[in-house]
Each structure stands twice: as structure tokens, then as C-alpha cells.
Amino acid sequence: MSSHPWHPIAASHDLPFRHVFHGQLFGREFAVWRADDGYVNVWENRCLHRGVRLSIGVSDGRELKCQYHGWRYSNRTAGCTYIPAHPADAPARTITNRTFPAEERYGLVWSSLEEAAALPRVAGLDDANLLVLRGMPLNAPAALALAHLADYRFQPNNAIDSKEALVSIEAAEGFSIALRARSGSQETLAVFFVQPVDSSRSVIRGVLDRNAEGMVRNTILRHHNERLSALRDRVEREAAALPAAPPIEPVYESVAPELAEMPSLSASGRRAAITVQVARKWMTANDIAGFELRPIRGLLPTFQPGAHIDVHLPNGQIRQYSITNAPGETDSYTIGVKRERDSKGGSSCLHETVREGDLLAISEPRNNFPLRRDAVKTLFIAGGIGITPLIAMAQALSHMSLLSELHYFAQDETQLAFPERLATLGRALTSHLGLNPQATAAKLAELLVDYRPDMHAYLCGPAPMLEVARRIAAEKGWPDASVHFEYFKNTKAIDDSSSFEIALARSAVTLRVPAGSTILEVMRGNGIDMPSSCEQGACGTCVATVLEGEPDHQDVYLNDAEKRSGTKIMTCVSRACSARLVLDL
Amino acid sequence: MITLYDFELSGNCYKLRLLMSILGVEYKIVPVDFYPGREHKSATLLKLNPLGQLPIIDDDGLILRDAQAILVYLAARYDASGNWYPRDNPALLGEIGQWLAFADGITATASAARLHDGLFYDLDVEAARAGAHRLFRILDEHLWFGQQVGRDWICAADHPTISDIACFPYVLLSEEGGISRQDYPAIRRWGDRVKRVPGFIVMSGIFPAGPARAI
């Protein structure tokens with residue numbers, strides 16, 4: 001439509017010193033302010049801290065201060081210079097608001113949503129001698145305003161009260177139209193730029209090719225204001241009869257890639273080593289969102305079926321999600337997130353806050369739920385969102401043509417996640433819909449009835465279902481070593497009242513674990529690094545080998561046989577019954 | 001001493017606090033539980049104002065209701081400069097009266113929309129918002145043309161008057177009623193100027209401006 005992306009977003013007189021103007025172009029809002037040195041700042045109209053509009057902020061001529069928590073941003077660079085809540089700290093240089101180009105010409109302030117070549121000259125206008133009309137905002141699309149401007153009638157500057165002038169279109173390009181009015185020997189060129197504010201809002205910004213003084217000037221401005229108001233009323237009436245286009249939803253820019261790739265600060269603990277971008281977010285089932293995570297650069301680390309990643313959420317929480325990918329699908333990780341009604345912020349953050357294009361920090365994949373590929377037959381039993389690790393496993397075995405069955409328990413058809421992946425499993429997939437706990441138990445008993453050596457079962461689902469399935473499997477003769485399970489979370493109440501000593505055999509260190517602290521915390525506090533993930537005894541990442549002593553198991557990761565053997569311990573929640581534990585660390 | 005029967009979140013009460021702060025008038029406050037208590041409809045308050053509205057002042061036994069009327073009284077009685085309500089300037093007084101009535105229109109529209117959104121009043125909020133936009137267009141045009149001839153305030157004077165105080169609160173609180181001021185840049189600039197009047201105070205929802213540039 002236009003040969004260049006520049007649009008006027010304000011008049012120069014809209015930017016007195018120490019004022020913050022509220023602008024908008026194609027739905028994107030701007031905070032526009034003139035610094036004391038004259039520089040015109042056109043910024044994204046949101047504070048990087050809490051998203052509050054900076055147009056209600058305070059300009060001190062050098063910095064713009066957000067009204068909410070007082071973050072300050074510098075003239076020109078829009079870099080954050082001060083955070084009142086951290087008075088002793090220098091804000092990271094990465095905290096920089098988005099800026100847009102600004103150009104002041106013809107008494108107007110121009111900007112563009114993209115980096116653009118120089119603002120082109122407008123024929124017939126000269127900066128030194130022109131008259132800027134009052135901007136006329138309309139609740140109508142720019143195109144409609146432009147169409148009506150073609151019929152705009154006005155008088156030349158020095159012939160306001162003369163007989164009605166002849167008006168001709170001198171030029172029309174993109175979002176502008178130039179009209180010349182002639183009456184006798186008098187003529188005036190008026191150039192109108194229509195600023196597309198949003199899909200159904202615009203501002204007519206007119207500039208006349210001659211200035212005037214005193215009362216004449218005022219008369220000219222009134223003349224145009226009256227006629228443009230009348231034009232506005234006509235355009236708005238017509239626009240009101242049209243179906244309203246939805247407002248344009250601007251896409252907020254994610255963090256610049258070079259900033260996103262900065263390594264995490266902590267040397268130990270739960271690292272977020274990889275930055276990924278949400279390439280796709282979609283509802284894969286009722287209340288279950290799929291997220292396709294792509295690397296910013298390079299390749300993602302290898303994952304195995306059953307592996308999970310830690311996702312570091314924008315709200316500061318860390319959550320574990322299984323990778324659902326089929327083998328070889330290594331250009332992205334796809335996770336499924338169920339919206340939990342009693343969400344503590346994890347699932348609701350992913351559902352509501354995280355959008356396509358956002359960057360997320362994730363850990364490298366860890367696999368504490370490994371899949372054997374040597375079973376004579378493999379049973380996968382999924383309850384609800386427990387499908388996610390199992391779907392990766394089932395795809396792996398299916399691709400290798402190994403005998404397996406995936407039994408997917410869900411409320412109804414709309415709850416079945418990743419139907420496109422399930423479809424690849426063919427007859428290996430059976431869904432069990434709408435069963436109550438008794439019917440579920442009966443079905444599980446049916447499925448687990450004929451154990452044969454070298455069969456393996458993999459279970460993932462809600463805790464009550466896993467408890468029942470494990471009990472039934474044991475009753476039907478399945479050895480613990482053949483029944484593999486993954487809990488979403490450890491719902492057991494952790495008793496951390498004991499106090500004991502740990503001796504780390506390889507490190508030749510003995511430490512005291514007091515009541516209220518975990519083995520993991522005590523080791524980390526003494527500089528001993530240890531990987532961890534869920535930190536609630538569900539995922540298995542922080543496992544350690546026990547050489548001596550009696551563990552007090554409080555996790556849901558180890559199976560009963562493993563717990564009885566006393567050779568492994570989850571250092572994030574489990575403790576010691578004995579006074580001393582010797583760990584192979 | 002003046003007693004103000006006050007509700008903290010009322011723009012009409014705020015405009016009296018604002019003028020008294022600017023004039024340096026001492027006053028004490030009787031907080032009225034306007035919401036949710038509806039104390040302004042209680043027998044005690046109805047005795048002071050049968051209309052069941054705030055604000056009300058009691059100045060040593062003189063009981064007055066209606067924000068605009070009280071502005072007139074306070075300026076006429078307590079403003080030594082004579083600028084806020086210039087008793088000896090009929091043309092200006094007429095103009096002020098005109099804009100005090102306009103302020104009532106703002107209360108009926110922009111304030112009504114805010115009562116709907118904030119305090120759950122049952123009213124036609126779309127009509128209220130449309131009415132406020134109609135008034136804001138008129139005010140913005142008026143202020144814009146004023147600026148063209150070097151006039152910073154609502155009335156034709158080189159200083160603010162009580163008409164500025166009367167119109168200010170519910171214009172500045174309009175967004176709490178879903179009424180954006182984005183299309184009214186001259187109103188937004190005028191808001192900055194009012195905020196820089198010496199003695200200016202804020203209320204919840206009305207933020208301070210930064211200092212003006214030293215000339």
C-alpha cells in the first residue's frame with residue numbers, strides 16, 4: 001500500500017518537555033517523550049518489569065521512570081539505569097526496552113515498526129514554512145478516512161471567507177493524500193497523513209504548505225478543524241455500520257538471542273543450560289497444551305524415551321515435563337502440559353503466560369525412566385497426562401516393531417493428548433475412557449493377568465492409579481524389576497525431623513544433616529555438586545549409592561525391591577534410620 | 001475549622017482536598033463509608049445532605065453540599081490571591097460557571113462508568129463511556145485551541161481557576177471506567193500542568209507528574 005513504513009505518530013507540539021505522549025501504530029502502543037536534549041524517544045509502551053504502560057510514567061528530562069515500581073530507563077538507549085528495590089545493584093545491561101525509529105519533520109513525529117531507510121521527502125512541504133493542523137482521531141479504519149479525504153473541501157489560507165474553492169487531488173500515495181484548494185488567485189496545498197492507530201482507529205494529521213500569523217492562523221486552524229470534525233462524523237457513521245475488525249494484537253519481541261544465550265549464573269543446583277524458543281503452542285486435548293521447543297542455535301542434546309526436562313518458567317518456578325518425541329525427532333522437544341485445577345503456578349503459567357515465540361530456559365534431558373528394548377512384550381499403562389513419557393516409549397518400540405501395548409486411561413475422547421502421535425501406534429493403542437476407580441482396577445487386573453518372564457510394564461499416571469496397578473502387578477506375580485513407574489509428584493508428607501551423619505566415601509568428607517535440612521542441601525552447602533531436578537523424590541535425578549547404613553526412604557521413585565535392598569537413596573527427600581550413612585560419592 | 005465528610009476514592013471529595021491543599025486551608029476529615037457501607041445514605045448523613053451524596057463540608061456551622069458549589073465557596077472565602085474564583089471579573093465568572101456545569105457532565109458520565117467498573121453500580125456503562133468521550137472531545141478541542149493562543153488553562157486567564165480543579169479528577173480517573181485518554185493529547189498535557197500547581201496532592205489512581213523543566 002505504501003512505498004515506505006514511516007507514519008506520523010504525533011505532532012511535534014504534542015511533545016513538550018517532561019511530557020509522555022501515548023502513541024499507537026498498527027495496534028502497537030508507544031510511550032513517546034522528548035528528553036531535555038531534544039531527543040525524541042519512541043519506546044514500547046510497557047515497563048520490562050511488570051508491563052505497566054510507560055506513558056503514565058514520569059519524565060525527568062533524562063530518564064523515564066515507571067509509575068509502578070520506579071524502574072528508570074535512559075534517554076536514547078532505553079536501558080534500565082536503576083531499580084529502586086535493588087538500590088545497591090547495577091541493573092543488568094540486558095534490561096533494555098524496545099525502541100523504535102523517530103524522525104521529526106513537517107511538524108510531525110514519525111516512526112516505523114521496522115528498521116527503515118530515511119523518511120522520504122513530501123513534495124510541496126517545506127519544514128521552514130508550514131502550518132500543522134489539529135490531529136483528528138477517528139474511530140474508523142485508516143482506509144475509510146483516506147477514501148473520504150479525497151472529497152475533503154477547504155478554503156485556501158487567505159480566502160477562508162471567499163466563495164467555495166475548487167479542490168483537486170495533487171497526489172495520493174499509501175496513507176497520504178495531497179489536496180490543493182484554489183480560489184481566485186489564492187491557493188493552498190494541504191497534505192493529509194492518516195495514521196493507522198489500530199484496525200478500526202486512525203488519526204488524520206494535516207499539514208498546510210504555508211504558515212500564517214495571529215488571528216488569521218487561528219481562523220485557518222478553526223476552519224480545518226470544523227471541516228475535519230464534520231468529515232470525522234461522516235466517516236465514523238459509516239464505520240459504525242461496518243463489521244468491526246478485531247484490534248490488532250501486537251507481538252511483543254522476545255529477548256534478543258544473544259542475551260538469551262547467556263549462561264546461567266549458578267554453578268550448582270538446577271541448571272538451565274539450554275535456551276529454547278516456543279515454536280508452536282497448541283491445545284492437543286482438552287486442558288492439555290502442547291509446546292514445541294526449538295533451540296535458538298545448534299542442536300538439542302540427545303534424549304531417550306522416558307526422559308524429562310526441567311522447564312524454568314517465567315514466574316521463577318521449575319517444573320519437569322517428559323519429552324514426547326519419537327526417536328530421531330531431534331530438531332525440537334515436544335512436551336504436553338495439563339492445566340491443573342489446583343495449579344501452584346506451573347501449569348497455569350505455561351497455559352496462560354507463555355506464548356509462541358517466547359524463550360524458555362530448560363535443563364538438558366535426564367532419563368530416570370529408561371525403557372528396555374529387550375522385552376518379549378511391553379505394556380504401557382498411562383493415566384491422563386501420564387501419557388507423555390509413555391508415548392515417547394511406545395513410539396520407539398513401535399518403530400522397532402517390538403511387541404507392545406499402550407493402554408491409555410482417560411475421562412473421554414477429548415482428553416486424549418497428541419492424537420497425531422497416537423495414530424502412528426495403530427493397533428498397539430487401546431484407550432479406556434470414563435472408567436471409575438473400581439472399573440479401572442478391574443481393567444488393570446485384566447491387563448496384568450498373564451505375566452511371563454521378560455515382560456515389562458511401564459506405568460505413569462496419578463498416584464492412586466499407580467498404587468493400585470503396582471499392587472495388582474505384585475499379586476499377579478510381576479517382579480518389582482519388571483514394573484517400572486513414574487509418579488508426577490511425591491504426595492507423601494516428608495518427615496525431616498531426624499538428624500544423622502553422612503560420610504561421603506570418595507570425597508572423604510563427613511557431614512552432619514540436621515533436622516529440617518536435606519542431604520542434598522547439606523552437600524551443596526559444603527560445595528559438593530549434585531544434579532537434581534524435581535527435588536521432591538519423584539524423578540530420580542539425585543540418586544546416590546548407599547555403601548553402609550540404613551536409608552529412611554521417603555521418595556516415590558525407587559520400587560519396593562530397591563528400597564528393601566537399601567543400596568540407593570534419593571538425597572532430596574530421604575534420610576537415615578541409622579546414625580550414619582556412607583554414600584558412594 | 002472546616003470539616004469534610006470524605007470518601008477517599010471519590011473524585012468529588014478529592015477535588016476539595018486538592019483545592020484546600022493548594023490554598024493551604026486547614027481542615028479535618030470525617031471518613032464516610034461510601035462503599036460498601038453506603039453510609040452517605042444513613043440518617044445522619046441524609047440530615048446533612050438530603051440528596052444522599054458526598055462531599056459535604058461543615059465550616060463552623062455552615063453546611064454545604066455539592067463539590068462544585070463548595071469549590072466556589074472555598075475559593076471565594078479562602079483564596080487571598082482571588083485567582084481561583086475572581087469575584088471582580090464577570091466574564092471569567094461566567095466562563096467558570098459554564099465549566100463547573102461541564103464538570104457535572106463529566107461526573108454523570110466518566111465517574112458513572114468508574115462506579116460501574118469499580119464499585120459495581122448497575123447502570124448503562126456503554127452510554128456513560130460514550131457520553132464521556134463526547135465531552136472529552138469538546139474539552140480536548142477547547143484546550144488545544146487555547147494552547148494555540150498561549151492559554152494553558154480551561155478558562156481565559158493566565159492562571160488556573162476552580163474550573164480546572166472541578167474537571168480534573170474524573171478526567172484523570174477515566175481509565176478506571178474503561179475510558180482511554182489516548183485520543184485526547186491536549187487533555188493529557190493539561191493534566192500535567194494541573195499536577196504541577198504548587199500544593200498539588202494525589203489520590204489513589206492519580207499519579208504525580210515530574211518536575212517541569214527549568215527554563
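Chain letters run A, B, ... following the sequence lines, proteins first, then strands; residues in each count from 1.
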Exercise for the section: Would you indicate whether the side-chain heavy atoms of A/Q67 and B/P208 approach each other to under 4.5 Å? Expected result: yes
Practice task
Just give me the residue among B/A212, B/S180, B/A209 that pairs up with chain A most often, heavy atom to heavy atom, under 4.5 Å.
Solution key: B/A212
Handout entry: A/N129 atom CG: more than 12 heavy-atom contacts under 6.0 Å
Key = yes
Practice task
For atom CZ of B/R87, decide whether the heavy atoms of other residues, nucleotides or ligands shown that lie under 6.0 angstrom number more than 12.
Solution key: no
Exercise for the section: Find out whether A/L221 and B/W144 are in side-chain contact, i.e. whether some heavy atom of one side chain is under 4.5 Å from a heavy atom of the other. Expected result: yes
Practice task
Inspect the surroundings of NZ in B/K195 and state if more than 12 heavy atoms from other residues, nucleotides or ligands are less than 6.0 Å away.
Solution key: yes
Problem - Straight-line distance of B/Q182 CD to A/E29 CD, nearest 0.5 Å - result: 5.5 Å
Problem - Crowding at CZ, B/R134 (>12 non-hydrogen neighbours, <6.0 Å) - result: no
Handout entry: Distance under 6.0 Å and angle within 45° of ring axis: A/R134 vs B/F145
Key = no
Handout entry: Residue A/Y82 excluded, over 12 heavy atoms near OH under 6.0 Å
Key = yes
Practice task
State the CD-CZ distance between B/Q148 and A/R217, to the nearest 0.5 angstrom.
Solution key: 5.0 Å
Handout entry: Over all atoms of both residues, closest heavy-atom pair of B/R137 and A/P137
Key = NH2-O, 3.8 Å
Exercise for the section: Answer yes or no: does atom CG of A/D127 have more than 12 heavy-atom neighbours from other residues, nucleotides or ligands under 6.0 Å? Expected result: yes
Completion exercise
Output for pair (A/M136 CE, B/E141 CD), nearest 0.5 Å, gives 6.5 Å
Practice task
Select one option (side chain, backbone, both, neither) describing which atoms of A/D14 are under 4.5 Å from chain B's heavy atoms.
Solution key: both
Fill in the blank from the handout: When the 4.5 angstrom heavy-atom criterion is applied to A/R222 and chain B, the contacting part is both
Exercise for the section: Can you see which heavy atom on B/R188 is nearest to which on A/S55, and at what distance? Expected result: NH2-O, 2.9 Å
Handout entry: Residue pair B/D183 / A/R201, side-chain heavy-atom distance below 4.5 Å
Key = yes
Handout entry: Interchain contact, B/R196 with chain A, by part (heavy-atom threshold 4.5 Å)
Key = side chain
Completion exercise
Under 4.5 Å to a heavy atom of chain B? For A/R232 that would be side chain
Problem - CZ (A/R153) with more than 12 external heavy atoms under 6.0 Å - result: yes
Fill in the blank from the handout: Distance col, row B/R213:CZ vs A/R18:CZ, nearest 0.5 angstrom, shows 7.5 Å
